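So that the names make sense, note that chain A is the first sequence line, chain B the second, and so on, each numbered from 1. When reading the values below, keep in mind they use all heavy atoms of this one structure, side chains included, and skip hydrogens, waters and symmetry mates. These figures come from a predicted structure and were not determined experimentally.
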There are 2 protein chains.
Amino acid sequence: MDNKDLFNKCIALLTSVHRVTHELTQNAKSDSITPVQYKILEYITVSQPVTPSEISDCQNMSMPNTSRELKKLSEKKLIEKLSDTEDRRKQYIRLSKDGEILMKEAFTTIESRFQDRIQNASKEDLQEIDRALDILQTKLFY
Amino acid sequence: MDNKDLFNKCIALLTSVHRVTHELTQNAKSDSITPVQYKILEYITVSQPVTPSEISDCQNMSMPNTSRELKKLSEKKLIEKLSDTEDRRKQYIRLSKDGEILMKEAFTTIESRFQDRIQNASKEDLQEIDRALDILQTKLFY
DNA sequence: TGATTTAGTTATCAAATGATAATTAAAAGA
DNA sequence: TCTTTTAATTATCATTTGATAACTAAATCA
């Protein structure tokens, strides 16, 4: 096993991960938001509070486009904007009550599909999977 | 460790995988093709020859849109269409010479970034990664 | 043979996304 | 204070993507 083989194996996993992600998430999100808006909400969910600049950086989106999408999410009452009291140029974005509900529903769907996927795994399998996740998280996808 | 924790850990990995995929692939593809077209070429690269129907299924794209993008790729001389001699409705798609070159270049960039990423890993780390990739591929992302 | 199904195409439309220029307002630096 | 930098917004435009209807041609079915 040289590094070239490892690369190919890794690419194969990336492909599978993308396919499974699609299976887990398709139709899980509300129809009232676009894919990009869902991605933003997902990011806010795990990192809130966040600034528009951070969203722009992490989602590889220009500031103008980030601003536009945040405005739409705000109009849909899914997020709230709070301005920083120290630096009044900055804003902090967090999910609104409705946003929390929407994301909770999406995650419930996704988790139930995930549980289906691992329902046939034995206790030993689950332990192996758990360990494998740790290894890849720390050593490859850091 | 219950299944709920495993779910969260898995979601964390999905997020990391998507981030790293972006890091590995950004600007790796030629500017002459769109992201969707690159995805199609990637699929053709690893699965050729493929039919338009297979591309449509695997890339979650409607047949009309698949047909349109394949036409564009064909006009850019990146793929070739061969019709099946048995069933003349079917087509087989493969990369053209130019398509091979374009994808080879993209993969070279991606692989070199991948090698950078694992350059500090020890031999034992690499073995662990290899084993972890196998486990996740067969037991979780099948 | 005639009807139905399958594989793929063409045309068209709407919506989502990406890119850029110009602007505001506040903060930081000289 | 004056200038520059930073954070975010607005407006605008082109391109990409997704969705749908209508179609052709070949294969299969009854």
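Nearest to the side chain of A:Arg89, among D:dA27, D:dT6, C:dG8, sits D:dT6.
In this entry the distance linking CE of B:Met61 with C1' of C:dT9 reads 15 Å, nearest Å. Rounded to whole Å, atom C1' of D:dG18 lies 15 Å from atom CD of B:Gln59. Rounded to an integer number of Å, the gap from A:Ile40 CD1 to C:dT17 C1' is 11 Å. Atom CG of B:Asp57 is separated from atom C1' of C:dA7 by 12 Å (rounded to the nearest Å). Spacing between atom CG of A:Asp87 and atom C1' of D:dT6 amounts to 8 Å, rounded to whole angstrom units. Atom CD in A:Gln91 sits roughly 13 Å away from atom P in C:dA26 (whole-Å rounding). The distance between atom CG of B:Asp84 and atom P of C:dA7, rounded to the nearest whole Å, is 12 Å. Rounded to a whole Å, the CD1 atom of B:Ile55 is 9 Å from the P atom of C:dG8.
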**Report entry** Derivation and outcome, side-chain hydrogen bond (donor to acceptor under 3.5 Å, both in side chains), residues A:Gln115 and A:Gln119
**Finding:** CA-CA 6 Å; A:Gln115 300 301 348; A:Gln119 70 178 344; over 6 Å; no

Query - B:Glu42 vs B:Tyr38, side-chain contact (heavy atoms from CB on, under 4.5 Å): CA-CA, chis, key distance, verdict - result: CA-CA 6 Å; B:Glu42 207 176 55; B:Tyr38 176 77; 3.1 Å; yes

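At a threshold of 4.0 angstrom between heavy atoms, the contacts of B:Lys39 with the nucleic acid are absent. Residue contacts shown for B:Glu86 are limited to sugar-phosphate atoms, with no base heavy atom under 4.0 Å away. Within 4.0 Å of A:Thr51, counting heavy atoms only, lie sugar-phosphate atoms of the nucleic acid but no base atom.
When atom types are taken as modelled, the side chain of B:Ser56 and the backbone of B:Thr66 share no donor-acceptor pair closer than 3.5 angstrom. Side-chain N or O atoms of B:Ser96 include one that pairs as donor or acceptor with a backbone N or O of B:Lys77 at under 3.5 Å.
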Requested in this report: Summarise how protein sits on nucleotides 10-16 of chain D as a single string, 5' to 3': B when a protein heavy atom is under 4.0 Å from the base, S for sugar-phosphate-only contact, - for no contact.
Outcome: BB----S

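Taking the ring centre of A:Phe7 as origin, the terminal cationic atom of B:Arg117 falls outside the region bounded by 6.0 Å and 45° from the ring axis.
A salt bridge is absent between A:Lys29 and A:Glu105; no separation between the charged side-chain nitrogens and carboxylate oxygens falls under 4.0 Å.
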